[in-house]
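Encoded as structure tokens, the structure appears first; notes follow it.
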Amino acid sequence: MTQSIKHHLTTPLLMGYAAGTLPEAFSLVVATHVSLCDECRAALAAFDAVGGETMLAAAPVAMADSALAATLDKIAMGDTVTDVPHRTGPYPAPMAAYMTHPPKWRKIGGGVKQIVLHTGARATVRLLKIPAGSAVPDHGHKGTELTLVLQGAFADQTDRFGVGDLEIANEDMRHTPIAESGPDCICLAATDAPLAFHGLLPRIAGRIMGI
Amino acid sequence: MADPQFNKRLAWISQLQAVRETADRAAFAELFAYFAPRIKSFLMKSGTTPEMAEECAQEVMVTVWHKAHMFDASKASVSTWVFTIARNKRIDMIRKQRRPEPEDLPWGPQDAPSQVDTLALQQDTENLGRALADLPPKQRQLIERAYFGDLTHAEIASETGLPLGTIKSRIRLALDRLRHAMN
């Protein structure tokens, strides 16, 4: 699968994720793409290394005199065990904490269904299921929209996006993604500003959909 | 190999190994003396109060002890690994958000870290650190601001000026080997 991915993470997203400064909604999309893409996994390791060297270059600030003893005391209290999440169907492991079983899809019109996975102060991330041949209404963007394909494929004015491909749409982009024939297209989509729909009906739909 | 910085990296690997294999407190104290003040500094530069940075740096070192068995010197330098723990603690303790992490890869026992890979990756990381120090000040500051949390992703430049290709290719090769071993 990893060889067929054509649309990858960009430096700002990789560095933002490595720095730990992305909104949680975007981090989920990045972690999910990296789960599918060795190219970006390797790139992320390089950006983590930049973080390590940046940390080393910072002038050290003395710890409290008792810090080592206090740390050893905490160590003696033992480790907390956390479950390792795993992949379910088309949903890679990082999504496990955000999903219910079975997934609760909600109809949002035009045959399209969604599940809002997380809404934070800065961004929202949702799953979209678009039936083969259907379109998401023509829309533009006020901020950044990340769309990662998990099943099926879609095409818009720019290109075709299959499993693992990530489309990054910014303010200057207006598009109408259409799902290919075959299995329903399932996408993980994050936005840091509401989408701007064109035309009255899509605008109303946008308000109802909450995107 | 006479390079003291490079030898320091190899010493961290041995110290972490001693923590993992014999719960060696003296080795841990050496790691603590070097890393804790730098983690604290990193957190304070990210806008954390000194008290919170102290607390968080201690928590990072607690995790370093408990997770020492997960460190793989052919995949990362100790500095990179400690940084990722510090970053995750900052998200967890200070920003109080969840941190979605990529799916773990099944690095199996058949893939025991090779000495050649380990040395090469340590050297790559050392070279990266030097390239960072050699960047024009303005460019270096932009990278620091990105990691200290002063820049949004929209403000991060797509050109870093850093030679990331070498380290990226080396890890990419290791991933390809793993995929072959899995098939």
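To find a chain, count down the sequence lines: A is the first, B the second, and so on, and within it residues start at 1. No experiment lies behind these values; they were computed from the predicted model shown.
Looking at B:Ala76, there are no atoms closer than 4.5 Å to chain A (heavy atoms on both sides), in backbone or side chain. For a residue to count as touching a neighbouring chain, one of its non-hydrogen atoms must lie under 4.5 Å from one of that chain's; by this rule B:Leu173 does not touch chain A. Of the two parts of B:Ala23, neither the backbone nor the side chain holds a non-hydrogen atom closer than 4.5 Å to a non-hydrogen atom of chain A. Contacts between B:Glu55 and chain A at a heavy-atom distance below 4.5 Å involve backbone atoms as well as side-chain atoms. B:Arg170 does not touch chain A: none of its heavy atoms, backbone or side chain, sits under 4.5 Å away. Interface remark: A:Ala59 contributes backbone atoms only to the contact with chain B (heavy atom separation under 4.5 Å). For B:Arg95, the part lying near chain A is the side chain, with the backbone staying farther off; criterion is any non-hydrogen pair under 4.5 Å. For B:Ile91, the part sitting under 4.5 Å from any heavy atom of chain A is the side chain, from C-beta outward, and nothing else. For chain A, the nearby part of B:Phe32 is the side chain; its heavy atoms alone come within less than 4.5 Å. Neither the backbone nor the side chain of A:Ala57 comes within less than 4.5 Å of any heavy atom of chain B. Contacts between A:Phe26 and chain B at a heavy-atom distance below 4.5 Å involve the side chain alone, from C-beta outward. Looking at B:Thr63, neither its backbone nor its side chain comes within 4.5 Å of chain A, counting heavy atoms on both sides. Residue B:Ser77 does not touch chain A at all, counting heavy-atom pairs closer than 4.5 Å. In this structure, no portion of A:Thr32 lies under 4.5 Å from any heavy atom of chain B.
Counting heavy atoms from C-beta outward, A:Val50 and B:Thr160 have side chains that stay 4.5 Å or more apart. Under the 4.5 Å side-chain criterion, counting only non-hydrogen atoms from C-beta, A:Arg41 is in contact with B:Leu105. Taking 4.5 Å as the limit, some side-chain heavy atom of B:Arg99 sits within range of a side-chain heavy atom of A:Tyr17. Within the 4.5 Å cutoff, side-chain heavy atoms of A:Ile75 are placed close to those of B:Phe28.
The residue among A:Leu56, A:Val34, A:Thr144 with the most heavy atom pairs within less than 4.5 Å of chain B is A:Leu56. With chain A as the partner, the residue from B:Glu126, B:Lys67, B:His66, B:Glu101 showing the most heavy-atom pairs under 4.5 Å is B:His66. Of the listed residues (B:Lys45, B:Lys168, B:Glu144, B:Gln97), the greatest number of heavy-atom pairs within a distance under 4.5 Å of chain A belongs to B:Lys168. Of the listed residues (B:Ala36, B:Pro100, B:Ala53, B:Ala29), the one with the most heavy-atom contacts under 4.5 Å to chain A is B:Pro100. Annotation: maximal heavy-atom pairing with chain B below 4.5 Å, among A:Gly51, A:Ala43, A:Ala58, A:Pro94, occurs at A:Gly51. Taking chain B as the reference chain and counting heavy-atom pairs below 4.5 Å, the highest number among A:Gly16, A:Gly78, A:Pro23 is found for A:Gly78. Between chain B and the residues A:Lys74, A:Arg122, A:His33, the most heavy-atom pairs under 4.5 angstrom are made by A:Lys74.
No donor-acceptor distance shorter than 3.5 angstrom exists from the side chain of B:Arg25 to the backbone of A:Leu72, with no hydrogens or angles considered. Looking only at distances, a side-chain donor or acceptor of B:Arg87 sits under 3.5 Å from a matching main-chain atom of A:Ala18. Under the 3.5 Å distance criterion, the side-chain polar atoms of B:Arg90 are left unmatched by any main-chain donor or acceptor of A:Thr21. In this structure, B:Glu103 contributes its side chain and A:Ser35 its backbone to no donor-acceptor pair below 3.5 Å. No donor-acceptor pair under 3.5 Å is formed between the side chain of B:Gln58 and the backbone N or O of A:Ala70. Remark: side-chain polar atoms of B:Arg98 are not paired, donor with acceptor, to backbone N or O of A:Tyr98 under 3.5 angstrom.
Nearest heavy-atom pair, B:Thr80 versus A:Ala45, reported as atom, atom and distance to 0.1 Å: CG2-O, 4.5 Å. Contact detail for B:Tyr147 and A:Phe47: the closest heavy-atom pair is OH-O, 2.7 Å. Nearest heavy-atom pair, B:Phe83 versus A:Asp48, reported as atom, atom and distance to 0.1 Å: CD2-O, 3.5 Å. In terms of heavy-atom proximity, A:Ala46 sits nearest to B:Leu128 at O-CD2, 4.0 Å. Of all non-hydrogen atoms in B:Ala157 and A:Thr11, the two that sit nearest each other are O-CG2, 3.5 Å.
Between atom CE of residue A:Met63 and atom OG of residue B:Ser41 there is a gap of 11.5 Å, rounded to the nearest 0.5 Å. Rounded to the nearest 0.5 angstrom, A:Asp192 CG and B:Thr152 OG1 are separated by 8.5 Å. To the nearest 0.5 Å, atoms OG1 (A:Thr54) and CD1 (B:Ile143) are separated by 7.0 Å. A distance of 7.0 Å separates CD1 in B:Ile156 from CG in A:Leu22, rounded to the nearest 0.5 Å. Rounded to the nearest 0.5 Å, atoms CD (A:Glu39) and CG (B:Asp176) are 9.0 Å apart.
Under a cut-off of 6.0 angstrom, the local environment of CG in B:Asp134 is crowded, with over 12 non-hydrogen atoms contributed by other residues, nucleotides or ligands.
The pair A:Glu53-B:Arg9 meets the salt-bridge criterion, with a side-chain N (NZ, NE, NH1 or NH2) lying under 4.0 Å from an Asp/Glu carboxylate O.
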